[in-house]
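What follows is a short report on a single structure.
All values derive from a computational prediction rather than experimental measurement. We use all heavy atoms of the structure for the numbers below, so side chains are in, but hydrogens, waters and symmetry mates are not.
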Amino acid sequence: AGFDYFTPAGLIAKTVDGGKTWTPLFKRLSGSKWTIHFPTRRIGYAVGAGPILLKTTDGGMSWNARIMNYQERFNSVFFTSQDTGYIVGQQGLMLMTTNGGDDWTNLVPSINTNYYAVYFTDARTGYIAAEYSMLKTTDAGHTWTFTLLEHIPWSLQFIDQRNGYAAGQGFIRQPYSSSIPGGGIFKTTDAGETWSAQTFGGINFLVAIHFANINVGYAVGERGKIYK
């Protein structure tokens, strides 16, 4: 059976039945938004409020917390293997580890802005959702290029090397008036070179997006809204 995890404020939970039931695994979280990533079935990482890194080596049954020596908030974590991973956060924070999170080094960002999500399609090609921009690396994070956007992506996922989605804050066009801020979903079909807005009328900002396959996707918004 497949399995998945989610991290609302204060809780990490696990499902093994496609989301019908959830088992709480870790409840002592603070902050409003945590992100989680499992490079293997047993090894997983989570980041959220402040410079705190959680790690499990037993499939989420127990977690070890590490407070790291940074002032910036951690927003997203992604591992390309059980040893190599990345953390991004506020004020241009970009970190990399090659030994399973024991040691971290600073990567030089292309732009000094808030980074909200990180995602890699392979060991060398990765993307960072940032304030009104999207960053891309093709050398495992050592150098980055960026594309300016008209929206703020807060979550990011690729379903293959060329096709990916971002969700966050966009703008809703109003008849006979200017656009207003609202939730937005954006798609690339050319490996992040361009991003186009998808049809979406929700007024709530979106904080997470995930596609189960090329056709079925879910987006989570503020105030508990879930879209499919």
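- Residues Leu95 and Phe74 meet the side-chain proximity criterion, which asks for heavy atoms closer than 4.5 Å.
- The backbone N or O of Pro39 sits nowhere less than 3.5 Å from a side-chain atom of Tyr45 that would complete a donor-acceptor pair.
- The shortest heavy-atom contact between Gly141 and Leu107 is O-CD1, 3.4 Å.
- Considering all non-hydrogen atoms of both residues, Asn75 and Arg73 come closest at OD1-NE, 2.9 Å.
- When only modelled atom types and interatomic distance are considered, Asp190 and Thr188 share a side-chain donor-acceptor pair under 3.5 Å.
- In this structure the side chain of Tyr115 reaches within 4.5 angstrom of the side chain of Leu135, judged on heavy atoms.
- Arg42 CZ to Gln82 CD: the interatomic distance, rounded to the nearest 0.5 Å, is 12.0 Å.
- Using cut-offs of 30° and 60° for the angle between ring planes, the Phe79 and Trp104 rings count as perpendicular.
- Closest approach of Leu156 to Ile209, counting heavy atoms only: N-CG2, 4.1 Å.
- In this structure the side chain of Thr84 reaches within 4.5 angstrom of the side chain of Met96, judged on heavy atoms.
- Side chains of Thr97 and Asn99: a donor on one and an acceptor on the other come within 3.5 Å.
- Taking the side chain as every heavy atom from C-beta outward, Asp83 and Thr98 never approach each other to under 4.5 Å.
- Taking the side chain as every heavy atom from C-beta outward, Ile128 and Phe146 never approach each other to under 4.5 Å.
- The minimum heavy-atom distance between Asn213 and Ile159, with the atom names listed, is O-CG2, 4.5 Å.
- By the 30° and 60° cut-offs, the orientation of the rings of Tyr116 relative to Trp154 is perpendicular.
- For the side chain to side chain contact (heavy atoms under 4.5 Å, CB included) test, residues two or more places apart in sequence or in another chain that qualify with Thr56 are Phe38, Asp58, Trp63.
- The aromatic rings of Trp195 and Phe158 sit perpendicular, their planes meeting at an angle over 60°, well past the 30° parallel limit.
- Thr138 places none of its side-chain heavy atoms less than 4.5 Å from the side chain of Arg124.
- Between Thr147 and Glu193 the shortest heavy-atom distance is CG2-O, 3.9 Å.
- Residues Leu53 and Ile87 are in side-chain contact: their nearest non-hydrogen atoms beyond the backbone lie under 4.5 Å apart.
- Here the side chain of Ser76 pairs a donor or acceptor atom with the backbone of Val118 at under 3.5 angstrom.
- Interatomic distance, CD1 of Ile152 versus CZ of Phe186, reported as 9.5 Å (0.5 Å rounding).
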(request) Check the pair Trp144 / Met94 against side-chain contact (heavy atoms from CB on, under 4.5 Å), numbers first and verdict last. (result) CA-CA 11 Å; Trp144 297 82; Met94 189 187 299; 3.2 Å; yes

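- Checked by atom type and distance alone, the side chain of Asn114 never pairs as donor or acceptor with a backbone atom of Glu131 at under 3.5 Å.
- Ring to ring, Tyr119 and Phe78 are close: their centroids are under 6.0 angstrom apart.
- Between the side chain of Lys55 and the backbone N or O of Gly100 there is at least one donor-acceptor pair closer than 3.5 Å.
- The local environment of CD in Gln161 is crowded, with over 12 non-hydrogen atoms from other residues, nucleotides or ligands closer than 6.0 Å.
- Using a distance-only test at 3.5 Å, with no hydrogens or angles considered, a donor-acceptor pair links the side chain of Thr137 to the main chain of Thr143.
- The CG atom of Leu54 sits 8.5 Å away from atom CD1 of Ile36, with the distance rounded to the nearest 0.5 Å.
- With Ser155 contributing its side chain and Ala117 its backbone, the two residues share no donor-acceptor pair below 3.5 Å.
- The nearest pair of heavy atoms linking Gly101 to Arg66 is O-NH1, 2.5 Å.
- Judged by distance alone, the side chain of Gln157 and the main-chain N or O of Phe211 form a donor-acceptor pair under 3.5 Å.
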